[in-house]
Every structure is written in structure tokens, then in C-alpha cells.
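Counting starts at 1 for both ligands and their atoms, following the listed order.
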Amino acid sequence: MNILILPGDGIGPEIVSQATRVLEKFKTEGLSIQLTHGHLGGAAYDVHGHPYPEATQKLARAADAILLGCVGGPKYDTLPRAMRPEQGLLGIRKDLSLFANLRPAMLYPELAASSSLKPEIVAGLDIMIIRELTGDIYFGQPRGRRTNAAGETEGFDTMHYATSEIERIARVGFETAMKRNKRLCSVDKANVLDTSILWREVVTAMSAQYPEVALSHMYVDNAAMQLVRAPKQFDVIVTGNIFGDILSDEASMLAGSIGMLPSASLDANQKGLYEPIHGSAPDIAGQNKANPIATVLSLAMMMRYTFGRTDLADRIESGVRSVLKAGLRTGDIAMAGEPIIGTSVMGDALVAAI
Ligand code: IPM
Ligand code: MG
């Protein structure tokens, strides 16, 4: 396993080093793991003057899988857009063609009370959001600023999806649904957008190849509402880049804390970038307060999706469950009055439980 470690910014280094301890543990058990280390985001800008520098590109292309902390921070807010940390993230996704972003939102029973929704609405929640990650308005050209007919400055972006892009992400959606509860909800805005009309047509046509999957379609505004009204109606959701960005943040709150959720971004050959879905939390960076669980769970996804090591993924996930059962809580998942532990003590507990 040739794994590139990119700690990134903010709390990234703290949480990634806890996950790395899990890899080191696997190594001592005889697993052949080779770790390389690099920079992405603000950390890369500081060292190389670019958020996705050539040195990182080389390492990323050579790796089988990448573990990323998170990028961004106030220090970089005033940089020109091309140099900002987020561009590093968008750059590596595009460079490696990581078009399929898997964002599970599942609730650990121990955390039912930490959700902002009533426990009975979220108990047993287990949704997989599949977000297209290399197309849509995120990358569409033309974009920029221009002077309109009235002589006023306007900003503009372009949303588009080609049939082949829709097909390949829809296939990930159908295949994922086949391995789960066989329900797939495709989310679009086909009542307004031409891009979405094509999206819906292509997904519908593909459903003929998956007769066992119950396919439904939902407009994105309704989906946002249904996610907080009755989230358990969903099994797998497949959607475009911008809708998936928004809905996955919303869904993360159902699970109690954004500090719990991992993600995978995969290419067509199961090479992947794995990262917690939360941001760099600059307000608590370097204070040993961040929750490393989302990063450790990202490692579980790596073992499952890139390396096909379901056994190791299961070990990591049951380790997380036992630590939660034992009542260990970082600040983000603690209820009022519960004792709070730091990042490294949580890491100790995780490594021991795994
Ligand atoms: C995410 C983030 C990124 C995105 C930002 C940091 C560019 O919000 O991974 O969801 O919009 O894709
Ligand atoms: Mg986002």
C-alpha cells in the first residue's frame, strides 16, 4: 500500500497524525505499507508558493491512495483566488480525475442525542451521498467577470454536464445501491435547469440496466427539506457537484457532528483521496481539541475501497464504535456535563481499540 499523507492546514496535522498511528500499527502487524508525506493547501503555499505544487502532484500521481486532513485558514483569505488553499483541493480532484465522491451520513446510536434533530427522526440513519466531483459549475467555462450591456460589472459561471459524465457517476450510484438497500434517489433541478433535464434523462435511461434498484428523482430544494423532515427515507443519493456540496453538509449535521464523517473521492480505478468532510477549524487548531474520528474513519474507507481490505475497514469501524460505547468524547460530540478528552487521548483510545 503506497499511501501519501497530506496533513494540510488548521487541525489537519493533529488529526492526520492520529490516523497515521493506526497505519503504523498495521505495519507492525506485517502489512506492507509505504508512507510518503507532502503538502496541500495553505501548507503547500507556505513551502512551495502554490496550493497544489508540482512536488505534491508527483507524489499524488504515484500513490495508490491519499489521506488528506483539511485545507484552508484565515491566513490565506487575502491571497488571489488561484493561490488559495481551496484551489489545491479542487486541483488535486481534477488532476487525478476523482469524479466520485462518497459521503456517508450515518448515526452512531451513542450519539443520537448530539444530533440537532429529535433522536426518533435520526435513530438508525444510514445514507450514502454520492456527489459528482470534477464537473458542474465548479469547473465550467466560461466563467469570470464581464461588463454587461448596461455597462455594469457582472460575475458569471457555467453549469454543464456531458452525458458521459452523468453516466459514470450514475453507475456508481446504481452499483452502490445494489450493495445496500437498492434504493437510489437522483437529485437535480430539472424543473428549471437544462443541465438537470439531461441529467434526469440519462439517469432514467440507465435504470433499465438495474431493474432491482428502485430509482426516484427529487428536486434539490425538496431534497434539502426532506433531509431534515424524514431523512431515513433515503438510502443512496446521487447528485451533481454543487448540489452534493450543499446536501452533504446538511446531512452531516443529522449524524451528530461534522467531526464524525469520512469521505472518499475515487477515480475509475478505485484510486482514492480520503478526507474527513469537516474543514480546518482554525479556531481550535493546535489546541489538541479536534475530533480525529472522521479522519480515522476515512482510513477505513481507504482500506475498503482502494485496497479491498474489508477486514481492516471493519476493525477500524468497530474500534470507533467501542470507543464511543466506552463514553469517550471530544468536545464536538460531548453532551453538557460529559467529560471531554483531547485529540491525542482519543487517538490513544482508538489505536488501542483497533
Ligand atoms: C467540500 C468543500 C470544498 C468544495 C471547498 C473547500 C472547495 O466545501 O469538500 O465540500 O466546495 O468542494
Ligand atoms: Mg463542502
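- Through direct or indirect side-chain contacts shorter than 4.5 Å among Ile, Leu, Val, Met, Phe, Trp and Tyr, L79 is connected to Y45, Y76, M83.
- For the Mg ion (ligand 2), the set of nearby N, O or S atoms under 2.8 Å includes none belonging to D249.
- In this structure E86 satisfies the salt bridge (charged side-chain N to carboxylate O under 4.0 Å, His left out) test together with R84, sequence neighbours excluded.
- Checked against a 3.5 angstrom limit, the closest N/O atoms of Y138 and ligand 1 fall inside it.
- When the Mg ion (ligand 2) is compared with the N/O/S atoms of D245, atom OD1 turns out nearest.
- The side chain of R93, and not its backbone, has at least one atom closer than 4.0 Å to an atom of ligand 1 (non-hydrogen atoms only; side chain from C-beta on).
- For the pair E86 and ligand 1, the shortest N or O to N or O distance does not fall below 3.5 Å.
- Using a 4.0 Å cut-off between heavy atoms, R131 contacts ligand 1 through its side chain alone, with no backbone atom that close.
- In this structure, R321 fails the cation-pi test against Y108, since its NZ or CZ atom is not both closer than 6.0 Å to the six-membered ring centre and inside 45 degrees of the ring normal.
- Checked by atom type and distance alone, the side chain of D136 pairs as donor or acceptor with a backbone atom of N241 at under 3.5 Å.
- Heavy atoms of R103 approach ligand 1 to within less than 4.0 angstrom.
- Among all non-hydrogen protein atoms, the one lying nearest atom 10 (O) of ligand 1 is D245 OD1, 2.9 Å.
- Under a 4.0 Å N-O distance rule, the pair R315/E29 qualifies as a salt bridge.
- When all heavy atoms are compared, the tightest approach of A353 to G319 is CB-O, 3.7 Å.
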